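The next block holds one structure in the form of structure tokens; read it before the comments.
A quick note: this is a predicted structure, and the numbers were derived from the prediction, not measured.
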Amino acid sequence: MEEPEMQLKVKKVTDKFTESMYVLANEPSVALYRLQEHVRRSLPELAQHKSDMQSWEEQSQGAIYTVEYACSAIKNMTDSTVYFKSIDSLLKHAIAMKEQLNAAQGRSTVAPQAKNPPASS
């Protein structure tokens, strides 16, 4: 055989072989096998990610509840400034009254002592 004829036959054989390999590699059962292998390899990691995400979600929900509760408490504190001002006013008034009572009591105790002179020894 001649060289060009031989090369043509070799080319045909290699083309047919390549086409057969391509068909075999892309056969549906092989594709399903590859899919199964991919799922088998990646499923444990995905399950771990899901578990981590659920844990983070629970922690986040707890933190959100805490922040909302703190915000509510602060809002209630700012709303109670009216009451604190009233208490402050009442305390100042009570202190002034106590000072007036002390002053009045001091005058009444000083006056009787002046009438009774201390005894001499």
For residues 14-23, pull every pair meeting salt bridge (charged side-chain N to carboxylate O under 4.0 Å, His left out), keeping only residues two or more places apart or in separate chains.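 Sorted result for residues 14-23: K11-D15.
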Pairs meeting criterion salt bridge (charged side-chain N to carboxylate O under 4.0 Å, His left out) with involvement of residues 50-75, two or more places apart: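 For residues 50-75: K75-D79.
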When Ile, Leu, Val, Met, Phe, Trp and Tyr are grouped by side-chain heavy atoms lying under 4.5 Å apart, directly or through other members, which residues fall in the same group as W56?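 W56 shares its hydrophobic cluster with M53.
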Do S55 side-chain atoms and S51 backbone N/O form a donor-acceptor pair below 3.5 Å?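 No; judged by distance alone, with no hydrogens or angles, the pair does not exist.
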For the pair S89 (side chain) and K85 (backbone), establish whether a donor and an acceptor sit closer than 3.5 Å, ignoring hydrogens and angles.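 Pair absent, no side-chain N/O of S89 close to backbone of K85.
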If we only count heavy atoms from C-beta on, is the M21 to F17 side-chain gap below 4.5 Å?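 Side chain of M21 against side chain of F17, heavy atoms only: contact under 4.5 Å found.
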Taking side chain as C-beta onward, heavy atoms only, is Q105 less than 4.5 Å from N102?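 Heavy-atom side-chain distance check passes, below 4.5 Å.
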Stepwise side chain to side chain contact (heavy atoms under 4.5 Å, CB included) check, E3 with Q7: CA-CA 6 Å; E3 185 71 26; Q7 285 181 355; 3.5 Å; yes
Take atom CD of E37 as the centre, draw a 6.0 Å sphere, and report whether it contains more than 12 heavy atoms from other residues, nucleotides or ligands.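 Yes, the 6.0 Å shell around CD holds more than 12 heavy atoms from other groups.
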At what distance, to the nearest 0.5 angstrom, does CD1 of I87 lie from OG of S80?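 Separation between the atoms: 8.5 Å.
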